[in-house]
Each structure stands twice: as C-alpha cells, then as structure tokens.
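In what follows, every chain begins at residue 1, and chains take the letters A, B, ... in the order their sequences are listed.
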Amino acid sequence: MTLLPEFTFAFQPIVDVDLGETISQEALVRGPNGESAYSVLSSVCQSELYAFDEELRMAALRLACELGADGEVRVNLNLMPRALEISSGALASTLETAAAIGIPPSAITIEITESEIIGNLPRFVAVANEYRSTGVRYAIDDFGAGYAGLNLLAEFQPDAIKLDRELVRGIEKHGPRQAIVRGLERTCEDLGIEVIAEGVETEEEFWWFRSEGIDLFQGYLLARPGFQQFPKVAFPT
Amino acid sequence: MSPLVHLIYSSAATKPLPRAELVDLLDRARAKNSSLGITGMLLYVEGSFLQVLEGEPHAVEELFDVISGDPRHGGVVTIIHEPIAKRDFGEWSMGLADISADDLDSIVGLNDFFEMESCFTDLDSGRTKKLLKAFRAGRWRSQIAGQQAAEVASVAAKATSASSPSEAPVVQDEDERPEISFAFQPLVDLSNRTITGYQAIVRSKEGEDPREVLSRYATEEGRVRMQIQSIEMAIGMAGRLGLTGGLTLSYPVPKIEEIPRIIDSALQMASRSSVSPSQLTFEVEQHDIGSNPSWFSALIQERRGAGLRFSINGSGGSRFGLGLIDSFQPDSIALSKNLVRGIESHGARQAMVRGMIQTCDDLGIDVIVKHLETSAELQWFHSEGVELFQGDLIAGPAFEQLSTEMMLPSDVLQ
C-alpha cells in the first residue's frame, strides 16, 4: 500500500430554517491545512481510491463524534461514484464504525451523485436497499445537473435530493429554472422525498426557495464549511 | 425580414397601482414602444405583471433592460426569451378591463375578460397563449412580500392576427425519389376532440415496413440525402392531401451535425408547397441531443424564427436531462414509452410525470402522450390534464391518407 495523503474534514450544516435548527452536518474532506478535497483525492492512486473512500467515511464519523455528533444531529457522508457497484461492502465499514462510537445508522445519510447510480442502476438499487434495512438514509447530490435526472426517481427513491447549484444560481430571475424546480418539488412531494436547496449564496435565492415552501438549505449564505468544527449558522431574517 | 424575438417576463408592482397610474403607464409605454417597433401585451392582476414584448432582438433587449430597472416593480423573472416567426400582437393597442375587486373573483374575472375579448382567442396556439393560460391559472404571479394590491385590474393588448399568406401548391418532380411513401397518424387533441395534426411515418411504396428500402442506403451521405428527400416527400404529399393542421416530421438523425441541412431543405420544400413552415414540427430524439445540448439549442433558436416548431421525443426516458429545458424550451415534448406503459399502476412514474407536466405547463411546453396501448393509460393522462395524444388505440396511421377517424374509448368521454 502506497502512502495515503493526510486528510481531515470540514463540516457544513444542512439547516431546517422552519424549525431554526441544524439537522445534519455534511463531512467534506480537506487536507491537513484546509486544502481542497480535490487536492487530497487526486493524490490517491486509482487502485486504492475505493479503500480510501471507505477510510474517509470512518474517519469523518470519528471526527464528527469528537465534535459532539450524538445521533441527534445527522451526519452526511459522501460515497464515491460507483463505490457500491465496485464493492457491495462499501458501507459495511462505515456502519461498523458508527456502531462502535454510538452513532445509530438512522443518523447517517449517504450522499451519492447521479453518476454513481446510472452506472449500473439495478445493482445500485439492490445494494442500496439492502443497507436501507439498517436505517441508513440516502440523498442524491447535485440533482438536476446530469443526464439521469428525473427518470432516476422512477427506479430509486432517495430520502432527499440536493438541488444542483446550477439550478439554484440566480433562480429568482430565471423562469425556466423556477419551472424545473417546481416540477421537481411536485415529483418529490408525491414520492415523499425531501428537497434541499444546496449552494445557496444570496438572500434572493434563499427567499425564492422559501416562497416555494422549501425548508431545507445548505450554502454559504447560512454557513460556510467549518474546518474541523461544526460552524455557526446565520439564519436570514 | 429582420429577425424577431419575444421576451415574456413576470414581475410584482412595488406598490399597488391605482387605475389612473396604470393607464398613464400604458399610454407612455405605448408611445415609446411604437417608436421602437415593439409590440406585445401587459397584464396586471393583483399586483402582478405579466408582459410580452416582441420585436427586433436588440430593441427588445434594450427595452427590457430599461423596464428591469423601473422602480415601480421588482422581482422580475425572465420566463421565455426566444426567436419567433411572427408577431402575436400586431400593434400595441391596449384595452383595459375591470375586474371585480373581490380577491376570490379575480381569477374568474380574468377568465371572463379573456372570453369576452377576442384578443386571447385570436392568438394562435403558440407559446404566448400557453403562458397567458398559465398566468390565468395563477402561475407566474410575482409578489413582493407583504403587499396586496388594492385594486384589481387587467390590461391587455388587442391582437391582430397576422395570418401568413399561403402559396399555391407546386406539383412535385417525383424522379429519383427513394421508393418510399408515407402513412399519416393523427395527433388528437382531447380537449375539443379534434385532430390537430399528423405525424408522417415512412412506409415502403406498398405501405409496408420500409426497413428493406432504407437499408439500401449504405453510406452516411446517402442516408442524409434519403432523409432530406423523404422529408420533402412527406411535406409535398401532406400538402397535396390538403393538410390544414400540423405536420410532425421525425427521423432518425444520421448525425446531429446534419440536422441543419435537413431542416433547411424542409423549409425550402415548404416554400414550394402549400404547407407553411409554421405547420411543421420537427421531432428530435432526446438521446440525439444529449451529447451536445448547447449546440442543439443554438441551432433550434436560429431556425425558430422561420416558424418551425420543435418537439423532443422520449422525454423522461433514460438520459432525460433537466438541464436541457433550462437552456432551451421546445414547443412540445413527447413522453418516453417507458413512462407511458402501465402508468396507471406505477406511482413513481406518475409522480415524475406530474412533475414534468408542472414544469412544461409553466413554460408553455405541450406534453404529448404517444405509444398509448390501453384505455387505462389514456384515462390516467387525461385525468392529469394532458390533452394531446397519439396512438393506435385512438387513431392509427393511414397509408397515404389524412384520416379523420378517431376511436375514443367511451370511459374517457364522460
């Protein structure tokens, strides 16, 4: 095994502004001095990427636990694209670690991207649903960006979707984006899927989503990622 | 003729506009817009504006910039900005209609207004009309928080319907044509139980599956030429058969880069026949666009000015990118076969379709359901408000004929 890069995490809250509470902390991988996720991941060789990915989730859980995650506030962990396709045990180590430090699976949300899923949809659905029995939840990240989009939801219903930043950006004055988001809301409402507005940076974006009845937000406007900490949230008023 | 665009936006009045001020605003807008060659309409309902601006691209953009900065409104949302073939509003002559101030009655009032005034019914079934419908249904009502308009009024332009003169049909030179022919399958509008158009389907001369004929075109250039010829033939034949409604042309794209050539030759053909470009809908497969949506979008916007309509087939199938609708808005989408089949018992698909209908409704995109096999499917889509259907279940293709026969299941006609 080659030398793996040093890493740590920043945490960015997902907030329910209706309740005025942080409901989850997403763990974002960083270098030891706050370097980007890309700089960390790009130094890992391909053959060790998926083992490293598992390592990251375990370490993120431990740090979250040190910072006070106790199962009340959820932890969002990322899954590398195609990880479940490559190894159906990709989440086993995550759940074992969680059990060891006392975080129940039901307090863990696994974030996956569209590309993770469309690689081999039936296999993904089978593996993902197996873990579901533990209580773990799923969120689809960057939803609306890729080609998979809506039709994905016919085969797999996550617990939440995080709207892609491209859809969020400047939505208050962009009619087609508004129409797309309204359609997505409708679909998600019918399927019991939560909609999270991610990458919200401006008050205007925030208030547009509020007026559409969206409660769940993540973005610089509310809180930037906190390096090795759970940052404070600024609730827009 | 210089190119035309329309820009449709919604906004919210910063403060309630008394009727006198509204009239004043309109007077000034009218004077200014006519000097800029801009036509359109303005609706004002309960503090929300919906305005259509049409004119030359530069003039519309400049005016919109000015309008956007007007302190009398805020929350400006650009809904649609695209080339058009002709103006929906020949002149900027606005009428005022009083609507009951009662909040609950306002929508009904607006309905009455639209029904009374010919302007709405004169509009062709294009984007503008669909967006006005959405507005009437309460969509695109920009509001600035905490404000309620004291007065409810509606203002609209009178539309002069500009009907394009159709040219006399020209007899086709049939030499060197591929040995194919066409069947035409009706597209049924269930809202008024009429056939609004036909889709041209390639057949062999004998009315059979044309695969054997098509397989003779071995080279790519040969296939493109065959496409061009077959589309020209379809237009010519539909014209000779007395087509009055729409004609949908679909074709397997040999290469997406060849679409402009195919479209342009179809336009030339239309100019030589009795079919006008505005009767033509080009149906493109979703997966053909997937690889290069921005290129395709630019291409479509360019050709739209000629009056052509575009439909995306297979929407909601694999690789249905929402991003596509963000970058351009087709005139219609036809749902993927996978979504249609057995929808009455598949909740997740139903939810997806409801979302798609919602999005399309907001953007003036027609939703077409093809591949219908059962009346249960038809029933479900119909109950969700879908009006356009195509399928053997209700009207099959007729060889070299524009059939007017429909068989609507009785349970849909209650």
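- Separation of atoms CD (A/Glu189) and CZ (B/Arg354) is listed at 10.0 Å; rounding is to 0.5 Å.
- Across all non-hydrogen atoms, the minimal contact from A/Gln157 to B/Ala348 is NE2-CB, 3.6 Å.
- For the side chain to side chain contact (heavy atoms under 4.5 Å, CB included) test with B/Thr359, the passing option among A/Leu184, A/Val181, A/Ile180, A/Thr187 is A/Ile180; the others fail.
- Between chain A and the options B/Ala351, B/Ser10, B/Gly347, B/Ser68, the largest number of non-hydrogen pairs under 4.5 Å is found for B/Ala351.
- The part of B/His346 that comes within reach of chain A is its side chain, from C-beta onward, which places non-hydrogen atoms under 4.5 angstrom from that chain.
- The side chain to side chain donor-acceptor pair (under 3.5 Å) test applied to A/Gln25 returns no partner, not counting sequence neighbours.
- Looking only at heavy-atom pairs under 4.5 Å with chain A, the residue among B/Val76, B/Ile357, B/Thr78 that has the most is B/Thr78.
- When the heavy atoms of residues 172-179 of chain A are compared with those of chain B, the residues falling under 4.5 Å are A/Glu172, A/Lys173, A/His174, A/Gly175, A/Pro176, A/Arg177, A/Gln178, A/Ala179, listed by number.
- A distance of 10.5 Å separates CG in B/Asp361 from CZ in A/Arg186, rounded to the nearest 0.5 Å.
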